[in-house]
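Okay, structure first, notes after.
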Amino acid sequence: MQRSIWILVTLVMVVVCAPNRPAFAQSQDPDWGKSAFLEHCAPCHGASGQGDGPRAGTLKIAPVNLTRLASENGGVFPTAKVTDVIEHGGAPLGHGTDMPAWTKVFGVKGDSAETRDRIKRLVQYIQSLQK
């Protein structure tokens with residue numbers, strides 16, 4: 001009986017004291033990729049993804065028009081390349097040194113499954129922008 005009480009108390013404490021992680025809950029929302037894009041990507045790539053964001057003119061290298069990624073890749077959306085650029089930044093899609101790595105922004109310390117999920121949802125949203 002006493003053991004059952006301790007188990008119950010422990011479970012209650014875990015639930016009550018667990019850190020609130022709304023970002024992951026939000027990332028489960030189907031519109032999370034769009035929200036993340038508008039907050040973090042649109043300043044450079046523009047709300048429509050055409051490379052015409054308000055900060056575009058201040059960059060050494062113009063942001064890529066994200067709506068043409070599939071058409072410039074034989075009609076196939078380059079999921080692995082886009083994911084790599086979001087995770088590591090750099091030049092694979094022509095960003096040079098201007099494109100930062102976003103893993104730390106979308107990452108969750110100690111839980112790479114959440115980080116991968118967030119980046120996957122962002123990539124899916126970018127894929128939806130293809131013309």
What's the separation between atom [atom1] in [X] and atom [atom2] in [Y], rounded to the nearest 0.5 Å?
| X | Y | atom1 | atom2 | value |
| --- | --- | --- | --- | --- |
| R116 | T103 | CZ | OG1 | 11.5 Å |
| K131 | S48 | NZ | OG | 6.0 Å |
| K120 | T79 | NZ | OG1 | 10.5 Å |
| Q127 | F77 | CD | CZ | 5.0 Å |
| L69 | K81 | CG | NZ | 10.0 Å |

Measure the shortest side-chain to side-chain distance between [X] and [Y] over non-hydrogen atoms and say whether it is less than 4.5 angstrom.
| X | Y | value |
| --- | --- | --- |
| F37 | L129 | yes |
| L38 | K34 | yes |
| L122 | C41 | yes |

Indicate the atoms forming the closest heavy-atom contact of [X] with [Y], along with that distance.
| X | Y | value |
| --- | --- | --- |
| H45 | V64 | ND1-O, 2.9 Å |
| I126 | L66 | CG2-CB, 4.2 Å |
| A56 | C44 | CB-O, 3.6 Å |
| Q130 | A70 | OE1-N, 2.8 Å |

